[in-house]
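This report concerns only the one structure given below.
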Amino acid sequence: MPQSDDERLVALAARFERDDPRFTQALRTGRPVRPREYRRARAWWTVGIALAVLATGVVVADGLLIATGLILAGIGAQLFDPHRTRPGGRTRPPR
């Protein structure tokens, strides 16, 4: 039996509320914010810090700082993926 449009809309609203409560609350108040997939400030900060640590490691010639900078750069690059695995093991399906 096909679902009615109202049931699908309620299910969609519940999924949005579960996935990104900040976005849905902002839509209710009439002041929308970017969805979680497009908030990348943390990724940019991580990449910036990684480059600073990497450059410091190259200047000081310290292998541990170079390795730390490379690992942080990898973590920062992973944060740019909007379909990454969520905490708790849930993954977001591609659109």
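Below, each value reflects all heavy atoms present in this structure, side chains not excepted, and no hydrogens, waters or symmetry copies.
Expressed to the nearest 0.5 Å, how far OG1 of T68 lies from CG of D62 amounts to 8.0 Å. Here the CG atom belonging to L12 is positioned 11.5 Å from the CG atom belonging to D5, to the nearest 0.5 angstrom. L70 CG to L51 CG: the interatomic distance, rounded to the nearest 0.5 Å, is 10.0 Å.
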Original post:
What's the verdict on side chain to side chain contact (heavy atoms under 4.5 Å, CB included) for E7 and V10, showing C-alpha distance, side-chain angles and the deciding distance?
Top reply: CA-CA 5 Å; E7 290 174 352; V10 168; 5.8 Å; no
**OP:** Go through the steps for L54 and I66 under the test side chain to side chain contact (heavy atoms under 4.5 Å, CB included), then give the verdict.
**Re:** CA-CA 5 Å; L54 183 61; I66 293 171; 3.8 Å; yes
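Of all heavy-atom pairs between A50 and A73, the closest is CB-N, 3.3 Å. The two atoms that bring A43 and G76 nearest to each other are CB-O, 3.9 Å, heavy atoms only. Listed here is the closest heavy atom pair of L65 and V53: O-CG1, 3.4 Å.
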